[in-house]
There are 2 protein chains.
Amino acid sequence: MTSPLATFDPKYDLKLEREIDVPVHLVWKAWTTPAHLKEWFVPKPWSISACEIDLRPGGVFRTVMRSPEGEEHDNAGCYLDVVPQQRLVFTDTLLPGFRPAPNPFFTGALILTPVGSGTRYTALAIHGNEETRDSHEKMGFHDGWGTVATQMVDYIKSGAVA
Amino acid sequence: MTSPLATFDPKYDLKLEREIDVPVHLVWKAWTTPAHLKEWFVPKPWSISACEIDLRPGGVFRTVMRSPEGEEHDNAGCYLDVVPQQRLVFTDTLLPGFRPAPNPFFTGALILTPVGSGTRYTALAIHGNEETRDSHEKMGFHDGWGTVATQMVDYIKSGAVA
């Protein structure tokens with residue numbers, strides 16, 4: 001069963017798109033394995049102190065981001081659409097079991113396409129209105145998501161994701 | 001792929017459960033065909049003036065409820081989990097394409113189990129907090145969802161759903 005993704009709307013949404021020279025199947029593993037995701041998912045020197053993944057619609061996707069000073073930010077949500085090595089959609093709008101979340105902010109979509117032995121890597125942040133889009137942009141969406149994409153590629157190239 | 005449904009939590013959620021003497025496959029059709037759904041989905045003399053169904057995760061589920069005086073209420077959301085004749089989960093927390101919605105309220109789940117030639121019919125309203133649960137209850141959840149279940153059974157028994 002295919003899912004209709006939101007059409008990317010520049011008024012509401014943010015997008016990071018780049019070609020990376022690591023293969024799709026390792027990118028998928030890096031995104032869907034807690035032990036791997038913890039190594040690259042937040043710009044250093046921040047770190048991920050906890051990660052839970054139940055890779056199915058309604059299953060938990062939770063990360064705890066830890067500042068260099070030790071302050072922790074808990075981000076809980078669930079997956080919505082899981083097509084291995086192609087598409088991963090998740091949201092903080094719903095908690096596991098599709099329960100409405102207290103602080104809905106965005107839906108994220110990762111779209112992977114093989115390009116030779118590399119990957120076209122597209123990450124979307126889908127928002128409900130312009131204000132949320134703009135605040136996400138001001139929080140540093142492009143720098144942040146770009147930095148972690150680079151960290152992920154470096155991590156995969158280190159040979160850690162087999 | 002199976003989905004973990006929210007465990008029913010009486011503190012947050014509401015439930016209508018009954019056994020009805022119409023078969024599962026006709027209940028499924030009544031819920032997933034706009035022309036049928038319009039005939040029973042709101043307590044009469046209210047009516048459904050429009051209904052859109054794209055029966056897949058992220059696909060639109062929209063109904064427009066019309067009061068006897070002609071006032072219209074537009075309810076837009078999307079499906080989250082679709083297992084034909086077993087389970088239908090939808091929410092107003094996300095719009096089609098999983099875009100965060102402006103007025104998130106609840107996730108609905110319909111669970112159908114065959115019992116002889118009839119159906120155990122379970123409808124859940126899953127909320128994010130007690131306040132939303134209580135306001136949904138005060139809006140008349142039990143009367144409303146009970147009335148439309150009865151209307152649905154009568155409509156199916158009329159022979160209209162083949």
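Side chains included, hydrogens not; waters and symmetry mates left out as well; all remaining heavy atoms used. To find a chain, count down the sequence lines: A is the first, B the second, and so on, and within it residues start at 1.
- Neither the backbone nor the side chain of B:Y79 has a heavy atom closer than 4.5 Å to any heavy atom of chain A.
- Hydrophobic clustering, with ILVMFWY side chains joined whenever heavy atoms are under 4.5 angstrom apart, keeps A:Y12 apart from B:L95.
- Note: B:F61 and B:F90 have perpendicular aromatic rings, judged against thresholds of 30 and 60 degrees for the angle between ring planes.
- When heavy atoms are compared at a cutoff of 4.5 Å, B:T91 approaches chain A solely by way of its side chain, counted from C-beta outward.
- Within the 6.0 Å centre-distance limit, the rings of B:W46 and B:H73 are counted as a close aromatic pair.
- For A:H136 and A:F141, the distance between ring centers is under 6.0 angstrom.
- Per-residue heavy-atom pair counts under 4.5 Å with chain B were compared for A:G128, A:P100, A:A101, and the maximum is reached by A:P100.
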